[in-house]
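Residue numbers start from 1 in every chain, and the chains themselves are labelled A, B, ... in the order their sequence lines are given, proteins ahead of strands.
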2 protein chains.
Amino acid sequence: MPQFVHLDSTPSPLHKSPHPVDTRSRCTNCAMQQRCLPSGLSETDTRRLDSIMVRHRVWRNDLLYRMGDRFASIYVIRLGHFKTYQVNAEGVEQITGFPMSGDFLGMDAIGAGCHPSFAVALEDSELCEIPFARLETLFSEMPALLRRFHRSLGQEISREQNSMLLMGNLRAEQRFASFLVNVSRNYRARGFSPTSFVLRMTRQDIGNYLGLTIESISRLLTKFARIGWIRVNQREIELLDLPRLTSLVTQKSCY
Amino acid sequence: MPQFVHLDSTPSPLHKSPHPVDTRSRCTNCAMQQRCLPSGLSETDTRRLDSIMVRHRVWRNDLLYRMGDRFASIYVIRLGHFKTYQVNAEGVEQITGFPMSGDFLGMDAIGAGCHPSFAVALEDSELCEIPFARLETLFSEMPALLRRFHRSLGQEISREQNSMLLMGNLRAEQRFASFLVNVSRNYRARGFSPTSFVLRMTRQDIGNYLGLTIESISRLLTKFARIGWIRVNQREIELLDLPRLTSLVTQKSCY
DNA sequence: CGAATGTTTGAAGGTGATCAAATGGGGTGG
DNA sequence: CCACCCCATTTGATCACCTTCAAACATTCG
């Protein structure tokens, strides 16, 4: 698996140059309301939560936060795609996820006081910053918000356990199929086409995420295309046989 | 990697036959106080938290909870060792961790309403059950407790990200060294010998956890012993050259 | 004691990594 | 608009690592 060292050391974009978004874009008319903290909250509670949020626009390759940054806020992706990754002592990176609209960022920092991972935008994106200290003050007054927040934290934990299951048990072919099926599910859950989408990340990123080399990813893409399960054009992917892809994942692991 | 299907379907031990422990074993004289929720709490707050906790004793191979069980409580291990694992559609299990005294159990269920994983005792153990609904009522009155709880959740998330880094980037030798070093650190943090300990889990479990076969684990053990880095006698392990083991992990990954 | 489970060791094979080179797009500047 | 470069991707050939299969051995528990 190719390695790349993290060299960039410019400050996080939100620290040097925030791009506040039109403040009229409130929670109440946000498409991601159901996946976000306001879900299940009353009108008035939503408004209070809304009032502490700060909207931002970030550009492709912008670093939202870097490993070691002091933790101050969590974020919800309003629009766009990110990747999160860790970097070990030698500068080797491991991508831990590809969060997209409606997903949270920065949850892993809550325990530590500083971010244990990086988050970078894969495309121009919009997100909501939630200053954590201010969020905490709301918890005491809005139990429903706290429960909602805990649910998100718990989901984050079990999502990562799933990734472990994937990395530990599946062969290359299954891992990649699992990746495609997951992307498909994510798009379906957000009302987009589950069978036709554009991958926002490079083959490199996919390989890193799945613990495979870029060459393996490329070969798997051509293989799946040859069988007729998918159609590939650059980063455009069309899933022609989602059932078969799914069954590949749930098949008994080979080893 | 050998697979084994989860067949046992007896109810969780705490549901059929709780083993309440001497109620005099309070938080205030608990050895794990610093790693647990009372950490940083006032005397009175600790006592209130203490009052909602239920102590249990479980035996080796007892299932604390199973995947699909309704979520009602989180647990803190007071004494002993557990393993947590998921089981996919085909019954293939993936061990996600080996929590020990001072660690939490059941955190991954908070998001879901039911447990997304299994927890089984690797030896006779003691733990504190914290009914989650009652814990939530305390949150509103004890902000310090809430912050402490969030820290634990965040740590759980970043701990699992570390496991992903391990599984995705390291070779068999490094994974196993990393496992040993981690066990060592855990014991050191709890005041036990970091160089001499008994592994509570089978080779099977270690292999499953690391994404390797039992044979590979066995070979790595003999290899490390031959080099003189460790001494092995059954499940007793002595780390003779912890620095070298550590450096192996932080070495540049091979692929 | 016997059965079941866990562990070690050996030999062989396959999967995916590595190395190498060619191909193709996208962006920049002329 | 084209030429150029850079980067991402594809494809091929070889090889190493780790799995698989097999069998012996050790340990635990009824």
Carboxylate-amine/guanidinium proximity below 4.0 Å for [X] and [Y]:
X	Y	result
A:D205	A:K83	yes
A:D103	A:R190	yes
B:E123	B:R60	no
A:E173	A:K223	yes

Handout entry: Evaluation steps, ring-ring contact (aromatic ring centres under 6.0 Å, His included), between B:Y65 and B:F118
Key = CA-CA 6 Å; B:Y65 51 78; B:F118 297 79; 8.4 Å; no

[X] [atom1] to [N] [atom2], straight-line distance once rounded to whole Å:
X	N	atom1	atom2	answer
A:M167	C:dG16	CE	P	14 Å
B:E173	D:dA16	CD	C1'	13 Å
B:L212	D:dA16	CG	P	20 Å
A:D205	D:dT9	CG	C1'	13 Å
B:L210	D:dC17	CG	P	18 Å
B:Q174	D:dC18	CD	C1'	14 Å
B:N169	C:dA17	CG	C1'	14 Å
A:L199	D:dA8	CG	P	15 Å

Restricting to non-hydrogen atoms, name the atom on [X] and the atom on [Y] that form the minimum distance, rounded to 0.1 Å.
X	Y	answer
A:N169	B:E93	ND2-O, 3.5 Å
A:L180	A:L239	O-CD1, 4.2 Å
A:C114	A:G68	CB-O, 3.6 Å

Problem - A:R171 side chain near C:dG16 phosphate (N/O to OP1/OP2, under 4.0 Å) - result: yes

Problem - Angle of first-five versus last-five pair axes in the helix from C:dC1-D:dG30 to C:dG30-D:dC1, to 10 degrees - result: 50°

Problem - Approximate separation, where rounding is to 0.5 Å, of B:I206 CD1 and B:R235 CZ - result: 8.0 Å

Fill in the blank from the handout: Readout for nucleotides 3-10 of chain C: B = base within 4.0 Å of protein heavy atom, S = sugar-phosphate only, - = neither; 5' to 3' it is ---SBBBB

